[in-house]
Amino acid sequence: MSPDKSTTDPVELTRRSFEAESRRDIDAAMSNYGSGSVWDMSAMGLGSYRGLAAIRSFFEDWIGAYDEFEMDLRECAHLGNGVVFFAVRQTGRPVGSTGQVELNYAGFTVWVDGVAARVSNYADVDEARAAARAARRSRDQLMCCSVSGSCG
């Protein structure tokens, strides 16, 4: 199923991205990214991935490690200027295992013209929320500078 690109609502785009990952539709998930997009897991000790090939490879490796995999978007809020905070619960059964694992994390996506330009993920929800607010403030300042022609 190909994603409906008729919306530019950043919250809806974020929801659709997590839904695609949950159903293991990597093509649909990748349709949200561009050549310069960044998927950042460095705050969780898992590196940062830039560009379509690197992000796809990370998704394939991560999701492929599970026989059962589900993403539950617990919170999703547009903070302004395309910055969306999210909190997620991921559950799954690793390949060859009978046990279940659960990962709770949070982060934010910066949407630019319907493309996830940056996704930053954090193990700590409060750290993620603070980083999301800082990203929004940075984008607010950039928007102000581009409109007024001066910063300062």
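Two residues are said to be in side-chain contact when any heavy atoms from C-beta on lie closer than 4.5 Å; Val11 and Leu13 fail this criterion. Side-chain contact between Thr109 and Arg118: absent, with no pair of heavy atoms (C-beta onward) separated by less than 4.5 Å.
Under the side chain to side chain donor-acceptor pair (under 3.5 Å) criterion, Arg93 pairs with Asp67, Glu68, not counting sequence neighbours.
Counting all heavy atoms, side chain and backbone alike, Phe108 lies closest to Ala135 at CE1-CB, 3.6 Å.
Ionic pairing of Glu75 and Arg129 is present here: one or more N-O contacts between side-chain nitrogen and carboxylate oxygen are shorter than 4.0 angstrom.
Screening residues 44-61 for side chain to side chain donor-acceptor pair (under 3.5 Å), with sequence neighbours left out, gives Asp27-Arg56.
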| request: For Phe85 and His78, run side chain to side chain contact (heavy atoms under 4.5 Å, CB included): C-alpha distance rounded to whole Å, both residues' side-chain angles, the deciding distance at 0.1 Å, then the answer. | output: CA-CA 6 Å; Phe85 170 81; His78 187 206; over 6 Å; no

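Below 30°, between 30° and 60°, or above 60°: for Tyr33 and Phe59 the angle between ring planes is above 60°, a perpendicular geometry.
Remark: the Thr14 side chain and the Trp111 side chain contain an N/O donor-acceptor pair separated by less than 3.5 Å. A donor atom on one side chain and an acceptor atom on the other are not found under 3.5 Å apart for Gln100 and Tyr66. In the model, Arg136 has no side-chain atom that pairs as donor or acceptor with a side-chain atom of Ser138 under 3.5 Å.
Taking the centre of each ring, Phe86 and Phe18 come in below the 6.0 Å mark.
When atom types are taken as modelled, the side chain of Ser37 and the backbone of Ala116 share a donor-acceptor pair closer than 3.5 angstrom.
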